[in-house]
Amino acid sequence: MTTIRAIRGMNDILPDESDRWQYLERTVADVLASYGYGEIRLPIVEQTALFRRSIGEVTDIVEKEMYSFDDRNGESLTLRPEGTAGCVRAAIQHSLLGTVQRLWYSGPMFRYERPQKGRQRQFHQIGVEVFGVATPEIDAELILMTARLWRELGIDGDVALQLNSIGSGSDRQAYRAALVSYLSGHLDALDEDSQRRLHTNPLRILDSKDPGTRAVLQQAPLLSDYLDEESRADFARVCELLDAASVPYVINTALVRGLDYYNKTVFEWVTDRLGAQGTVCAGGRYDGLVQQLGGKPVPGIGFAMGKERLVLMLEALQAAPLPAAPADVYVVNSGGSAECAAFAALESLRGALPGLRIVQHAGGGSFRSQMKKADKSGARWALIWGDDEVASASVTVKPLREQGEEQVTLPLAEVAAFLQRRRTPDTTTQGN
RNA sequence: GUGGCCGUAGCUCACCUGGUAGAGCACCGGAUUGUGACUCCGGAGGUAGCGGGUUCAAGACCCGUCGGCCACCCCA
């Protein structure tokens, strides 16, 4: 019998790692709440047409990376490859767009790509979207919020902000024509990928890594020369607000973003700690998208961060708190009536001391082997029930960590108070 | 989709130029009839990813295949 494995690129997150994930999720949720953002929970599956119409027909995502399938009624559905489209769809569907909306969501996304460090087929993002604000202070708000988040997470020293404006759709169209015209004159100096992109997504050529292509780009027309007045002014204002808040950034004129719906401000937080997939958070404005998907002409802006990549950062920088041992108290017993006594006493102990993590030994074995498990569990205390304790309605409390403390046998009625007195303010104990 | 490296015990790895598997850690039991950590003793655990080929003989060599990692591409 062949054993069944998880799908390539879709990983299990084991208890060792989930501590770090929870730390990330808690911290993000707290920061978002402190700026007044509300959580929206969205389906993982949407109509395929939603993504085709928003992300762009000629993007790699739509052309070859979507997990699409026919529903039983023949309708084409797709596992969401990103979150913005679904969020916009929900905002339109539920008429949320009459007022400003500050929203966030969290969950899995799916793209059929070759897995590598920081990239998998099922990956997890936290996304943030704001609808209904056309002015650039919201651009700055989002960026400031992410900057605060990196500080809270303790990774701010290892991420850098890149910023650009890609102007309006018509700015970009004019620029695209100029760029294609220029590059067409140097066709044989371009690498193979860039030659292909000349016809599909010419702006992506700007961030090519090929030295020959980069040389050609030296003399290429600049997108910034094609921006209209409003785009220039808004971008200048974003920079001004960031300066005022002392958030450092670098303007990267090659920064374009892969999805079609972006316009004006785009930004990326990048790191050199993660190998080739160094973008940890990215986003931008998408003022035409709501209308494009059938809503009123409401401006939008948003970003997404990759949870896997942030977790890798936390790990690399040892920024997350050490994982807590799973137990505060480990309970051993000699079976039979001692087991019954332990069960009864522990239920009332859990009621009396909420939050105290009490692990009851299961699976039998000698006291010796049970004590070994107690030690391995990282628990601070072992509670011991044997025949003597049952006979005297008491329990033995043995300290496993403290130096110099003796084990004591207490009447059952006093155990809760005893443990309560000795609980540290921070109830978590450090394990392994 | 393309390329490079790699698949030996649960984990990290060894077995040198082919002679039918070994260590450390982890796990289980014991030394200590009801008490962990250190130490000592013992035990279990592998059809060497899978399939084919070369050979008297393959974990070692060759081909294929599946899987992993990293990079290209793409992007969070």
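Throughout, a chain's letter reflects where its sequence line sits, starting with A, and its residues are numbered from 1.
A:R5 contributes no side-chain N or O that forms a donor-acceptor pair with the base of B:G67 under 3.5 Å. For B:U35, its base sits under 3.5 Å from the side chain of A:Q407 at one donor and acceptor pair at least.
At a threshold of 4.5 Å between non-hydrogen side-chain atoms, the residues A:E405 and A:W381 count as touching.
The nucleotide B:A31 finds its pairing partner in B:U39, both defining distances of the Watson-Crick or G-U wobble pair being shorter than 3.5 Å. Checking B:G64 for Watson-Crick or G-U wobble geometry (two distances, each under 3.5 Å) identifies B:C50 as its partner. The partner of B:G22 is B:C13, judged by Watson-Crick or G-U wobble contacts that both fall below 3.5 Å. With both pairing distances under 3.5 Å, B:G3 is matched to B:C70 as a Watson-Crick or G-U wobble pair. In this structure, B:A44 makes no Watson-Crick or G-U wobble pair, since no nucleotide meets both defining distances under 3.5 angstrom.
For the P atoms, the distance from B:U12 to B:C70 is 14 Å, rounded to whole Å. Comparing the P positions of B:A60 and B:G7 gives a spacing of 11 Å, expressed to the nearest Å. With both ends at atom C1', the span from B:U2 to B:C11 equals 33 Å, rounded to whole Å. Nucleotides B:A14 and B:A9 are separated by 13 Å at their C1' atoms, to the nearest Å. B:G43 sits 49 Å from B:G1 when the P atoms are compared, rounded to a whole Å. Across the C1' atoms, B:A58 and B:A21 are found 13 Å apart, a figure rounded to whole Å. Taking atom C1' on both nucleotides, B:U39 is separated from B:C6 by 39 Å, rounded to a whole Å. Comparing the P positions of B:C75 and B:C50 gives an interatomic distance of 39 Å, to the nearest angstrom.
Rounded to an integer number of Å, the gap from CE of A:M371 to P of B:A37 is 9 Å. The nearest whole Å value for the distance from the CD atom in A:Q370 to the P atom in B:A37 is 14 Å. Nucleotide B:U35 holds its C1' atom 15 Å from the NZ atom of A:K376, rounded to whole Å. For A:D375 and B:C27, the CG to P distance is 10 Å, given to the nearest whole Å. Whole-Å rounding puts the A:D387 CG to B:G34 C1' distance at 9 Å. Separating the CZ atom of A:R368 from the P atom of B:A31 is a distance of 7 Å, rounded to the nearest angstrom.
Cation-pi geometry between A:R121 and A:Y112 is met: under 6.0 angstrom from the ring centre, within 45 degrees of the axis. Figure legend: A:R422 and A:F418 shown as a cation-pi pair, the cationic atom lying under 6.0 angstrom from the six-membered ring centre and within 45 degrees of its axis.
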Base, backbone or nothing for each nucleotide of nucleotides 69-76 of chain B, written B, S, -, heavy atoms under 4.0 angstrom, 5' to 3'? -SBBBBBB

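Salt bridge annotation for A:K372-A:D375: absent, with no cationic side-chain nitrogen under 4.0 angstrom from a carboxylate oxygen. Salt-bridge annotation for A:E347 and A:R350: present, with a side-chain N of the basic residue lying under 4.0 Å from a carboxylate O of the acidic one. Taking a cutoff of 4.0 Å between a charged side-chain nitrogen and a carboxylate oxygen, A:R111 and A:E82 do not qualify as a salt bridge. We find that A:R197 and A:D193 are not joined by a salt bridge, their nearest charged nitrogen and carboxylate oxygen being 4.0 Å or further apart. A salt bridge links A:R357 with A:D328: the closest approach of a Lys/Arg side-chain nitrogen to an acidic carboxylate oxygen falls below 4.0 angstrom.
As judged by a 4.0 angstrom heavy-atom cut-off over every strand, A:K398 is placed among the base-contacting residues.
Sequence order on RNA chain B of the closest nucleotides to A:K372 and A:G9 puts A:K372 first from the 5' end.
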